[in-house]
Each structure stands twice: as structure tokens, then as C-alpha cells.
Amino acid sequence: MKINTAIRHASGVALLGSALLAGQAQAQAADGTECIAPAKPGGGYDLTCRLAANGLLAADLIDEPMMVTYMPGGIGAVAYNHVNGVRSDDDNLIVAASTGAAVNLALGKFGQYDAGEVRWLGALGVDYGAIVVNADAPWQTLDELMADLQENPSSVAFGAGGTVGSQDWMKAALTAKAGDVDPRELRYVAFEGGGEALAALLGDHIQVFTGDLSELQSQLESGKVRVLASLSEERMGGPYADIPTAAEQGYDVEWPIWRGYYMGPDVSDEAYQAWIERFEELADNPGFAEMREERGLFPMARFGDNFDAYVKDQVADFQSLAEEVGLK
């Protein structure tokens with residue numbers, strides 16, 4: 001894979017600092033387990049590490065608390081390079097990842113390393129994308145929105161918490177593509193985060209928000225938004241039970257935002273299998289199901305080879321889309 005020079009330089013500089021921190025982290029975690037969150041405290045990667053750390057401890061699947069280490073930089077690139085270059089055989093280390101990591105791998109943002117450079121361990125939870133409009137928007141169904149997009153793609157302002165090429169943009173692009181609309185013709189507004197984009201929707205500054213189901217519950221209860229489609233395999237329960245999927249409306253698009261983990265490429269088969277068994281047992285634990293739900297996540301249990309193939313297939317799909325719309 002072609003190396004992104006800017007990312008490689010930034011990762012290299014940050015890696016020097018990360019290596020110093022890693023020495024301390026390894027010493028601290030020598031007799032225990034560790035999860036690297038490839039970001040600052042707070043946010044999705046922190047949640048993902050805490051999900052494993054708290055869940056495994058509460059289920060007595062680890063003997064002592066798991067250490068969580070923060071390693072921001074390059075939208076996950078620094079951590080990915082660090083694990084491959086410094087701690088490739090650390091049997092006690094897992095690293096948080098998500099659909100966003102798969103997108104960045106597809107775009108070559110992790111430098112010289114591609115999706116085959118690590119051992120993908122598993123996913124313990126998932127959220128799903130959603131196509132959201134204001135409650136007083138003219139569209140009652142996804143078909144109605146698509147009809148307007150097919151007539152004039154730039155007449156509708158999409159917005160989300162990410163730039164062109166981000167996973168939030170990918171949701172819009174894949175949905176448009178499923179309706180025979182060229183994603184390059186979409187009118188897309190980038191915001192700093194999902195909260196800012198949702199505020200723009202409620203303020204009528206954009207017309208469609210490509211968000212996530214879990215962040216919409218309070219807005220659904222207040223009646224301020226209408227979700228035209230969830231980008232899930234099937235309808236979700238609870239407050240989302242009345243929301244149709246894109247697929248059941250005739251649009252072959254799904255966007256699972258999985259919360260998962262990878263390990264270094266040289267970890268032992270025994271350690272890798274032991275982690276798989278831990279996660280499988282955790283996924284079946286009733287107490288963990290409550291913990292996952294409290295964090296706004298839906299069930300997902302893919303581990304080992306199944307998860308590895310799933311991630312690599314995702315990356316390949318994202319690469320094809322990126323090439324189609326001129327991002328690669």
C-alpha cells in the first residue's frame with residue numbers, strides 16, 4: 001500500500017514520544033492486561049477500552065484491573081504503528097478499534113501498514129448509522145428523499161461530524177450510491193462532531209444528518225427529528241422499533257459502527273485464542289449485556305477468524321468506494 005508521507009512523518013515523530021511512554025506502560029502492565037485507546041480520554045475509543053476493562057473484571061475473566069493507556073495521534077495511526085513496531089508480540093495488550101479505523105486503513109492513513117498487519121480480535125458492541133431529518137421535513141420516507149436527490153443531488157444539504165472521506169460522510173455516500181445517485185454530487189457540510197451537526201439539523205442549517213442511532217434517543221422522545229432509515233441489518237428494538245431499515249426500503253446499505261479490538265501481529269496463538277475465549281464468555285454474560293446497553297451499544301459478537309474476515313471485507317469495500325469517488 002502506498003505510504004501517506006504526511007501521516008508517516010507525523011506518526012514517526014509521535015512514535016518517539018510514544019515509545020518512551022510505552023516503556024513505562026509495559027513495566028506497569030508486565031503482570032496484567034492493558035488496553036490502548038488511540039485517542040485522548042473520553043470519546044469512543046476510551047469507551048471501547050472501558051467496556052472491555054470493566055466487563056472482564058466484573059465477570060471475573062481477569063484477575064486484576066486492566067490498565068487503559070491513551071495514545072492519540074493520526075486518528076489511530078500512532079497506536080497502529082506503535083503496536084506493529086514496538087509491541088508486536090505483547091500477549092497482554094489489546095487495542096481499541098472501530099469502523100472508523102477500517103475507513104482510515106482503506107484510505108491509507110495508517111502509513112505503511114494495511115489491515116493485514118494485526119490480529120483482529122473481536123467486537124463486543126455496535127451502534128448503527130441513521131438517516132435523520134427534522135420533524136417538519138418534507139420527506140416521510142427514504143424513497144421520497146431519494147426521489148429529490150435523483151432529480152437534483154445538490155439540492156439537499158447533508159451534514160455530519162466529519163469531513164469528506166470520514167465514516168459519517170461514508171454513510172451519506174453509500175446511501176446515495178444505493179439510490180443510483182453519484183456521491184460526488186452530494187452537497188455535504190462537515191462539522192466538528194455529531195452534536196454540532198445535530199444542532200445544525202434542528203436549526204435548519206442542514207436538511208439531512210447522517211448520525212448514529214444511539215445519539216438520537218432523546219431527540220426521538222421529544223419528537224424533534226424523524227429517522228428515515230437505520231443502517232442496520234434488521235430493526236432495532238425499544239425506542240427504535242418503528243424505524244425501518246434502509247434495506248427493507250429497497251436500499252442495500254448498512255453501516256455498523258462496531259466497537260472492537262486488535263492485537264499485535266506476533267502474539268502467540270495460545271494468547272490470541274485465550275482472549276477470544278474471554279470475549280466469547282463475556283458476550284454471553286447477562287451483567288455485561290446491561291453494561292453494554294448503558295453505554296448506548298447494541299449486541300455484536302464476532303471473534304477470531306470471523307471478525308478478522310469481517311474487518312478485511314469492510315476495508316476492501318471502503319477502498320472501492322474511495323476509488324470510485326476519487327478519494328484514492
Side-chain angles (χ1 to χ4, degrees), residues 32-38 44-63 66-68 76 79-80 83-84 87-103 105-106 113-128 214 232-234 236 254-318:
T33 55
E34 179 184 1
C35 182
I36 290 179
Y45 283 140
D46 193 0
L47 179 151
T48 305
C49 274
R50 298 292 174 185
L51 187 67
N54 297 339
L56 290 168
L57 188 64
D60 295 323
L61 293 171
I62 51 177
D63 297 327
M66 175 182 285
M67 184 173 71
V68 175
Y80 205 81
V83 170
N84 276 285
R87 300 177 67 181
S88 65
D89 60 351
D90 191 335
D91 291 347
N92 291 322
L93 176 67
I94 62 174
V95 187
S98 72
T99 306
V103 171
L105 282 164
Y113 299 114
D114 61 24
E117 301 289 346
V118 299
R119 303 193 77 168
W120 295 97
L121 180 59
L124 288 171
V126 65
D127 197 358
Y128 292 99
S214 66
S232 52
E233 298 95 338
E234 57 188 23
M236 298 293 100
E254 296 175 1
W255 193 271
I257 305 110
W258 50 262
R259 297 292 178 186
Y261 312 85
Y262 64 84
M263 300 183 74
D266 300 319
V267 300
S268 67
D269 290 340
E270 293 78 10
Y272 181 66
Q273 186 59 41
W275 276 102
I276 291 172
E277 291 171 4
R278 275 180 182 146
F279 276 14
E280 288 175 337
E281 188 170 345
L282 180 60
D284 292 333
N285 185 287
F288 176 73
E290 293 179 10
M291 183 183 297
R292 180 186 57 221
E293 185 176 346
E294 288 170 357
R295 286 157 176 77
L297 297 175
F298 302 99
M300 183 178 193
R302 289 181 181 267
F303 307 108
D305 290 343
N306 178 278
F307 184 60
D308 182 86
Y310 174 76
V311 174
K312 289 174 180 175
D313 285 346
Q314 262 198 342
V315 171
D317 289 343
F318 297 159

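- For Asp91, the side-chain hydrogen bond (donor to acceptor under 3.5 Å, both in side chains) criterion is met by Ser268, not counting sequence neighbours.
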Checklist entry - Can Asp127 and Phe298 be said to form a side chain to side chain contact (heavy atoms under 4.5 Å, CB included), step by step? => result CA-CA 6 Å; Asp127 197 358; Phe298 302 99; 3.5 Å; yes
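- Applying the side-chain hydrogen bond (donor to acceptor under 3.5 Å, both in side chains) test to Trp120 and every residue at least two apart in sequence or in another chain returns nothing.
- Counting only residues at least two apart or in different chains, salt bridge (charged side-chain N to carboxylate O under 4.0 Å, His left out) contacts with residues 303-317 comprise Asp308-Lys312.
- Side-chain contact, Tyr128 with Glu254: no donor N or O sits under 3.5 Å from an acceptor N or O.
- The shortest side-chain heavy-atom distance between Val311 and Tyr262 does not fall under the 4.5 Å cut-off.
- More than 12 heavy atoms of other residues, nucleotides or ligands lie within 6.0 Å of CD in Glu277, so this atom counts as buried by the packing criterion.
- Residues forming a side chain to side chain contact (heavy atoms under 4.5 Å, CB included) with Asp266 (at least two apart in sequence, or on another chain): Ser88, Asp89.
- Rounding to the nearest 0.5 angstrom, the gap separating the CG atom in Asn54 from the SG atom in Cys49 is 10.5 Å.
- Thr99 contributes a side-chain N or O that, together with a main-chain N or O of Pro256, makes up a donor-acceptor pair within less than 3.5 Å.
- The side chain to side chain donor-acceptor pair (under 3.5 Å) contacts involving residues 282-302 comprise Arg302-Asn306, where partners must be two or more places apart or lie in separate chains.
- Scanning both residues, Val83 and Gly264, for their nearest heavy atoms gives CG1-CA, 3.6 Å.
- The two residues Ala37 and Val68 make their nearest non-hydrogen contact at CB-CG1, 4.5 Å.
- Of all non-hydrogen atoms in Val95 and Ala79, the two that sit nearest each other are CG1-CB, 4.5 Å.
- When the side-chain hydrogen bond (donor to acceptor under 3.5 Å, both in side chains) test is applied to Asp269, the partners found at least two apart in sequence or on another chain are Arg119.
- Remark: Asn84 pairs with Tyr80, Tyr113, Glu117, Val118, Pro265 by the side chain to side chain contact (heavy atoms under 4.5 Å, CB included) rule, at least two apart or across chains.
- Here the closest heavy-atom approach between residue Tyr261 and residue Ala96 is recorded as CD2-CA, 4.1 Å.
- Ser98 pairs by the side chain to side chain contact (heavy atoms under 4.5 Å, CB included) definition with Tyr45, Arg259, not counting sequence neighbours.
- With values rounded to the nearest 0.5 angstrom, Phe303 atom CZ is found 5.0 Å from Leu124 atom CG.
- Between Phe307 and Trp258, the ring planes are perpendicular. Angles over 60° get that label, and only those under 30° would be called parallel.
- Legend: residues meeting side-chain hydrogen bond (donor to acceptor under 3.5 Å, both in side chains) with Arg50, ordered by chain and number and at least two apart, are Asp46, Tyr70.
- Checked against side chain to side chain contact (heavy atoms under 4.5 Å, CB included), Ile62 has the following partners two or more places apart in sequence or in another chain: Thr33, Leu56, Leu57, Met66, Arg278.
- Under the 4.5 Å side-chain criterion, counting only non-hydrogen atoms from C-beta, Leu61 is not in contact with Phe288.
- Across Pro38 and Gly76, no two heavy atoms sit closer than the pair CB-CA, 3.9 Å.
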